[in-house]
Amino acid sequence: MNRRQFLLAAASAATLPALSFSGRLFAAPAGSPRFLFVFLRGGYDCNNFLVPHSSDFYYESRPTIAIAKPDANNPNAALPLDAHWGMNPVLRDSIYPLWEKKQIAFIPFAGTDDLSRSHFETQDSIERGEPLNANGNYRSGFLARLSSQLTGVPAIAFTNSLPLSFQGAGKDIPNISLKGNTKANFDQRQSSILAGMYRNTPLASAAADGLSLRSSVSMDLQKEMTAASRGAPNASGFAQETQRIAALMRDQYRLGFVDVGGWDTHVNQGNVTGGLANNLRNLGNGLAAYAAALGNEWNNTVVVVVSEFGRTFRENGDRGTDHGHGTVHWVLGGKVNGGRMAGEQLAVTQQNLLQNRDYQVLNNYRDVYSGLLGRVWGLRGNQLQDVFPQAKPRDLQLV
């Protein structure tokens with residue numbers, strides 16, 4: 001490879017997103033809280049995940065994509081959670097066992113006040129974590145502000161580029177994608193050459209640390225994957241990624257972010273088969289793999305799963321669903337107060353829909369997660385207001 005090719009390869013390599021990382025790798029104290037934020041980008045259809053099986057209106061609204069009422073003799077029926085709600089059966093072996101262990105809670109009618117139903121606007125609104133009427137900093141994310149409130153809580157984004165959630169922290173936060181190949185992009189000689197290019201420049205430390213991070217992560221993850229597999233093939237996609245994430249969250253990091261795309265299901269959404277079911281199965285396997293890979297540290301872990309909005313309650317003419325409003329958030333972990341629906345709820349009827357099309361938002365995410373962060377890290381008053389300005393913390397006793 002000539003010098004020009006090497007520079008082009010360097011510019012596109014997965015190392016460079018981590019060049020903003022100027023801190024040295026270190027291990028966080030064992031037993032300290034861990035928090036992972038999982039963002040489902042695209043607006044997932046919560047109604048075919050958390051099935052309102054007691055609602056006749058649900059079955060009237062979804063003549064081709066509804067999931068059958070719980071029935072022990074029907075493997076494609078919803079898994080019973082309580083008298084009103086069931087779970088998509090594709091999660092029978094992953095998320096449902098966590099429900100039975102009371103290690104996962106669901107918050108229906110959750111979301112943001114943003115009614116634009118725009119993927120990008122609502123995603124940005126959630127990641128900023130500021131009130132809609134605020135003239136705030138459009139490069140300040142709530143996880144960045146949370147990180148600034150915490151001491152000795154190393155943060156990381158498992159993404160190709162630093163998400164808005166983690167921007168504006170006033171300190172460098174690393175990001176590294178763990179999808180696909182985890183091998184280091186450069187051998188020792190190439191790393192030395194690349195680091196030398198930045199020598200005696202303001203980027204010297206960041207370049208050296210970025211290369212060190214990628215190399216260290218690669219070595220650790222190869223060992224972790226070999227040990228965790230025990231000769232069995234790993235689940236594909238997200239499940240493989242979360243095992244890698246667990247290796248880092250267990251030993252080094254305590255505050256993390258990962259996103260999962262592909263949830264925009266306008267056409268041929270399906271019910272227990274099809275695109276949504278495949279995504280849910282992949283997501284469930286990944287979260288179960290994450291819990292298993294953390295071992296005893298699962299008891300010190302909280303994971304939240306959110307999406308920018310839900311989908312229309314009625315199916316559309318293409319056997320899919322369109323952009324909605326309220327959705328269902330997940331909160332899971334070894335010590336989560338689970339096995340229940342948390343927050344304010346309404347009967348699932350046509351009269352209770354927002355604008356005759358969507359779930360209402362009764363549980364604003366800024367209020368709910370203010371209360372949750374207060375529980376996890378003991379934050380109070382002005383600290384929580386810094387993370388979520390003007391929020392009214394709601395303690396749903398999730399942990």
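Positions are given from 1 along the sequence. Atom set for the values below is all heavy atoms of this structure, side chains included, hydrogens, waters and symmetry mates excluded.
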Start with the C-alpha gap between D264 and H323, add the side-chain angles, then the distance that decides, and say whether side-chain contact (heavy atoms from CB on, under 4.5 Å) holds. CA-CA 8 Å; D264 201 17; H323 299 178; 3.4 Å; yes

Heavy-atom closest pair (M249 atom, G256 atom, distance to 0.1 Å) is CE-N, 3.8 Å

Between A78 and I67 the two heavy atoms that sit nearest each other are N-CG2, 3.7 Å

Note: G374 and R380 closest approach over all heavy atoms is O-NH1, 3.0 Å

Original post:
Out of curiosity, does V272 fall in the hydrophobic cluster containing I65 (side-chain heavy atoms, cut-off under 4.5 Å, transitive links)?
Top reply: no

Separation between CG (N299) and NZ (K335), nearest 0.5 Å, reads 4.5 Å

Tested for side chain to side chain donor-acceptor pair (under 3.5 Å) against T321, the lone hit among H266, R62, R311 is R311

Rounded to the nearest 0.5 angstrom, the CD-CG distance for Q397 and L372 is 12.0 Å

Using the rule given for side-chain contact (heavy atoms from CB on, under 4.5 Å), can you reason through R314 versus L353, listing the C-alpha separation, both sets of side-chain angles and the distance that settles it, and then say yes or no? CA-CA 11 Å; R314 300 176 181 87; L353 292 183; 4.1 Å; yes

Q. Under 4.5 Å between side-chain heavy atoms, hopping through other hydrophobics if needed: is there a path connecting L354 to F109?
A. no

Rounding to 0.5 Å, atoms OH (Y365) and OG (S307) come to a distance of 13.0 Å

Only residue of L98, V306, L287 satisfying side chain to side chain contact (heavy atoms under 4.5 Å, CB included) with W330 is L287

Requested in this report: Test side-chain contact (heavy atoms from CB on, under 4.5 Å) on Y44 and V305 and set out the steps.
Outcome: CA-CA 11 Å; Y44 90 112; V305 179; over 6 Å; no

When rounded to the nearest 0.5 Å, the distance separating CZ of R366 from CD1 of I126 is 11.5 Å

| request: Check whether any side-chain heavy atom of N175 lies under 4.5 Å from a side-chain heavy atom of F166, and answer yes or no. | output: no

Residue pairs meeting salt bridge (charged side-chain N to carboxylate O under 4.0 Å, His left out), one or both in residues 345-364, sequence neighbours left out, come to R117-D358

(message) Less than 4.5 Å apart, side chain to side chain, heavy atoms only: is that true for L164 and R139?
(response) yes

**Study point:** N48 side chain reached by Y58 side chain, heavy atoms, under 4.5 Å
**Key:** yes

Is there a side-chain contact between D113 and S125 in this structure, where contact means two heavy atoms from C-beta onward sitting under 4.5 Å apart? no

Polar side-chain atom of R250 near backbone of A293 as donor-acceptor pair, under 3.5 Å: yes

Determine whether L398 and R375 make a side-chain contact, defined as any pair of heavy atoms from C-beta on separated by less than 4.5 Å.
no

* **Expected output: side-chain E315 to main-chain T64 donor-acceptor under 3.5 Å** => yes

Separation between OG (S55) and NZ (K69), nearest 0.5 Å, reads 8.0 Å

| query | Taking it one step at a time, do Q240 and R244 satisfy side chain to side chain donor-acceptor pair (under 3.5 Å)? | reply | CA-CA 7 Å; Q240 186 178 61; R244 298 166 177 169; 3.3 Å; yes

**Message:** Determine whether the aromatic ring centres of residues H53 and Y59 are separated by less than 6.0 angstrom.
**Reply:** no

Report task. Verify whether one side chain among Q383 and D386 offers a donor that lies under 3.5 Å from an acceptor in the other. Result -> no

- Task: Determine yes or no for a side-chain-to-main-chain donor-acceptor pair under 3.5 angstrom, with D367 supplying the side chain and K392 the backbone.
- Result: yes

Just so I know, are the side chains of S177 and F158 near enough to count as touching, which here means a heavy-atom distance under 4.5 Å? no

Check: Angle class for the F313/Y359 ring planes (parallel below 30°, perpendicular above 60°, tilted otherwise)?
Finding: tilted

- prompt: Less than 4.5 Å apart, any side-chain heavy atom of V336 and any of I104?
  reply: no

Scanning both residues in full, the closest heavy-atom pair of F57 with T349 reads CD2-C, 3.7 Å

Within the supplied structure, the quantity of interest is the number of heavy atoms (other residues, nucleotides, ligands) at a distance under 6.0 Å from N356 CG; does it exceed 12? yes

Under 3.5 Å, is there a donor-acceptor pair between the W298 and Q103 side chains? yes

Exercise. Between the main-chain N or O of F238 and the side-chain N or O of N282, is there a donor-acceptor pair closer than 3.5 Å?
Worked result: yes

Q) Quick check: are there more than 12 heavy atoms from other residues, nucleotides or ligands sitting under 6.0 Å from NE2 of H119? A) yes

Of all heavy-atom pairs linking A66 and N271, the shortest is O-ND2, 3.6 Å

Between the CG atom in L379 and the CG atom in L373, the distance rounded to the nearest 0.5 Å is 6.5 Å

For N279, the side-chain contact (heavy atoms from CB on, under 4.5 Å) test, sequence neighbours excluded, returns W263

When every non-hydrogen atom of F388 is compared with those of S370, the smallest separation belongs to CD1-OG, 3.3 Å

Side-chain heavy-atom pair H329, Y369 within 4.5 angstrom cut-off: yes

Here's one to test your reading of the geometry: is the NZ or CZ of R41 within 45 degrees of the ring axis of F39 and under 6.0 Å from its centre?
yes

>> Could you go through N382 and Q385, starting from their C-alpha distance and side-chain angles, then the distance that decides it, and tell me whether this counts as side chain to side chain donor-acceptor pair (under 3.5 Å)?
In response: CA-CA 5 Å; N382 291 338; Q385 286 298 303; over 6 Å; no

Hydrophobic cluster membership, with links at side-chain heavy-atom distances under 4.5 Å among I/L/V/M/F/W/Y: are L283 and F309 in one?
no

Check the pair R319 / N268 against side-chain contact (heavy atoms from CB on, under 4.5 Å), numbers first and verdict last.
-> CA-CA 5 Å; R319 299 187 177 184; N268 294 327; 4.2 Å; yes

Can L362 be reached from L115 by stepping across I, L, V, M, F, W or Y side chains whose heavy atoms are under 4.5 Å apart?
no

task: Could you check F37 against F142 for ring pair (Phe, Tyr, Trp, His ring centres under 6.0 Å), going step by step and ending with a plain yes or no?
output: CA-CA 11 Å; F37 189 87; F142 82 92; 5.3 Å; yes

request  = Please check if atom CG in D93 has more than 12 non-hydrogen atoms from other residues, nucleotides or ligands closer than 6.0 Å.
outcome  = no

Side chain to side chain contact (heavy atoms under 4.5 Å, CB included) test vs I107 passes for just one of V328, N363, L50, namely N363

Answer yes if V361 and M341 sit in the same cluster of Ile, Leu, Val, Met, Phe, Trp and Tyr residues linked by side chain heavy atoms under 4.5 Å apart, and no otherwise.
-> no

